[in-house]
Amino acid sequence: MSDDAYAPRPEHKFSFGLWTVGNPGRDPFGEPVRPRLTPVELVALLGEVGAWGVNLHDNDLVPIDATAAERDRIVRDFRQACADHGLVVPMVTTNLFTDPAFKDGAFTANDPAVRALSVQKAMGAMDLGAELGAKIFVMWGGREGTETDGCRRPDVAVRRFREALNFLCEYSIANGYGYRFALEAKPNEPRSDIYFATTGAYLGFIPTLDHPELVGVNPEVAHEHMAGLNMTHAVAQAWEAGKLFHIDLNDQVIGRYDQDFRFGAANPKAAFWLVKFLEDVGYAGPRHFDAHAYRTEGVEGVKDFARGCMRTYLILKEKAARWNADPDVRALLAGLAEATQAAPGVGAFSPDTAAALKGHRFDRAALGGRELAYERLDQLTTEILLGVR
Ligand code: GLT
Ligand code: MN
Ligand code: MN
């Protein structure tokens, strides 16, 4: 086991939500196909497959109607299970989408009582997470959206979301919790349209908050793909802005239903570019797999699913190192970085640099005629991925 190059180790920071390995296989057309494991049993399963962390919604662990005494007993048993199986709780979140009270959204709902309940529930989840040692608080606004835009003006929803988040940032500060909030975008499902449909939308929203330094994003592969977008580009923009606070790894075919497939299952090349980016820049946060096993699987299949997510990540990490070291790839990249004709640099603006640049005569036809060899570059990538290089 330990000489397996693709065996998960704690330093890889692989985590799973209780709701991922705990997914019983219900879909809109069919009943559950797997037994519902308890949180303690799920921790044991994650320990068995070699995960490092377990994430949760408040109600994945504590039922929404639990008494204070029940809550305390459940939390005590869960902490003990985490200690027994060597798991940490890096991230928590709150479920603001399952209960019918949230059918019109939570922080953005029209009823002020629903908005207040949502903030109250989020505070409770923050208390719970702090008790479990979590420092990342994910916010996925699954019900923050519409079927008919007659119900509210969308800019009002943005303001309501800001007000709630500002309140919760202050709550974290007042209690010394040290949370970093990670906003997770999704374009649709379960609402017809969800506000802040993409990671880019959240990156534009964060600077308008009272504590932008506490707030970043949690991009998810499937959610960017549902919007027809390039996940690696979204992640790169978040990273470059210092806002990649968490990441949800899974897979999704563009144009299909909300699939939440095992990481790399549908688009291995896109997964490769993503892993390569995360490893090249030295992303040091959790690698969270927000996915679930096919509905054909039982408990053993759930373990296969979880092991597969981590194993694929580590295989792609090895392929990325191979790509970076490949002499033909390196030669192509070095050639591409070379200027083919003398030209003034751009650099910092000054009247002199601007004048030099305006006066320079470029051989534009030569620039347009240059062959870039991206076909060869991509074929080399494909051959590395297919294992013949
Ligand atoms: C839900 C959703 C995920 C979110 C989770 C956090 S819950 O399963 O599909 O993408 O990350 O609330
Ligand atoms: Mn999802
Ligand atoms: Mn997610």
Side-chain angles (χ1 to χ4, degrees), residues 14-28 32 42 53-62 64 89-99 102 105-107 118 121-122 124-126 128-129 134 136-145 161 164-165 168 179 181-191 194-199 202 216-229 231 234-235 238 244-263 265-267 271 274 285-293 295 305 309:
F14 289 139
S15 61
F16 291 83
L18 280 181
W19 70 93
T20 66
V21 284
N23 181 297
R26 169 186 287 129
D27 72 16
L42 291 168
V54 55
N55 302 320
L56 52 109
H57 298 88
D58 43 4
N59 305 134
D60 296 338
L61 182 60
V62 183
I64 195 164
V89 181
M91 175 274 258
V92 296
T93 179
T94 180
N95 182 328
L96 295 175
F97 43 88
T98 298
D99 194 88
F102 304 116
F107 302 136
S118 307
K121 196 167 186 298
M126 289 167 67
L128 174 65
I136 301 168
F137 195 84
V138 161
M139 294 173 93
W140 172 65
R143 297 273 175 207
E144 314 285 15
F161 197 84
L165 193 43
L168 294 171
Y179 277 117
F181 296 83
L183 309 181
E184 178 178 344
K186 188 177 185 186
N188 54 268
E189 281 195 63
R191 300 306 293 269
I194 301 177
Y195 302 124
F196 306 105
T198 63
T199 297
Y202 273 135
V217 292
N218 178 38
E220 172 168 320
V221 177
H223 298 177
E224 299 298 319
H225 286 191
M226 285 173 80
L229 299 176
M231 169 69 168
V235 165
L244 188 63
F245 286 9
H246 198 258
I247 192 163
D248 277 3
L249 302 171
N250 56 8
D251 215 346
Q252 166 81 36
V253 176
I254 288 176
R256 300 285 171 86
Y257 64 96
D258 183 2
Q259 296 177 309
D260 284 337
F261 283 155
R262 186 181 75 258
F263 182 56
N267 305 283
L274 177 60
R287 280 133 175 98
H288 172 230
F289 297 105
D290 186 7
H292 51 75
R295 199 162 170 275
F305 148 79
C309 286

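All ligand and atom numbering here is 1-based and tracks the order in the structure. Quick caveat: nothing in here was measured; it's all calculated off a predicted structure.
Among protein heavy atoms, atom 1 (C) of ligand 1 sits closest to Trp140 CZ3, 3.8 Å. Nearest protein heavy-atom contact of atom 6 (C) of ligand 1 is His57 NE2, 3.2 Å. The nearest heavy-atom contact from the protein to atom 3 (C) of ligand 1 is Asp290 OD2, 2.9 Å. Remark: minimum distance from atom 8 (O) of ligand 1 to any protein heavy atom is reached at Trp19 NE1, 3.4 Å. The shortest contact between atom 11 (O) of ligand 1 and any protein heavy atom is with Glu184 OE1, 2.6 Å.
With ring centers used as reference points, Tyr179 lies under 6.0 Å from Phe137. Note: His292 and Phe16 fail the aromatic proximity criterion, with ring centroids not under 6.0 Å apart. A centroid separation of 6.0 Å or more is found between the aromatic rings of Phe245 and Phe181. Ring centers of Trp19 and His288: under 6.0 Å apart, within the cut-off.
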Give the C-alpha distance, both sets of side-chain angles, the deciding distance and a yes or no for ring pair (Phe, Tyr, Trp, His ring centres under 6.0 Å) between Phe161 and Tyr195.
-> CA-CA 10 Å; Phe161 197 84; Tyr195 302 124; 8.9 Å; no
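Residue-to-ligand polar distances keep Thr94 apart from ligand 1: every N/O pair is separated by 3.5 Å or more.
Between the side chains of Asn95 and Asn59, not a single donor N or O lies within less than 3.5 Å of an accepting N or O. Inspection of the Asn250 and Asp290 side chains reveals no N or O donor paired with an N or O acceptor under 3.5 Å.
Residue-level proximity to ligand 1 for Asp248 is carried by the side chain, the only part with a heavy atom below 4.0 angstrom.
Between the OD2 atom of Asp290 and the OD2 atom of Asp248, the angle taken at the Mn ion (ligand 3) works out to 90° after rounding to 10°.
Nearest N/O/S atom of Glu220 with respect to the Mn ion (ligand 2) is recorded as OE2. Minimum-distance N/O/S atom of Glu184 relative to the Mn ion (ligand 3): OE2.
Using 4.0 Å as the threshold, His223 has a heavy atom nearer than that to some atom of ligand 1.
Paired with Lys186 under the rule side chain to side chain donor-acceptor pair (under 3.5 Å), one option of Thr199, Thr198, Asp258 passes, and it is Asp258.
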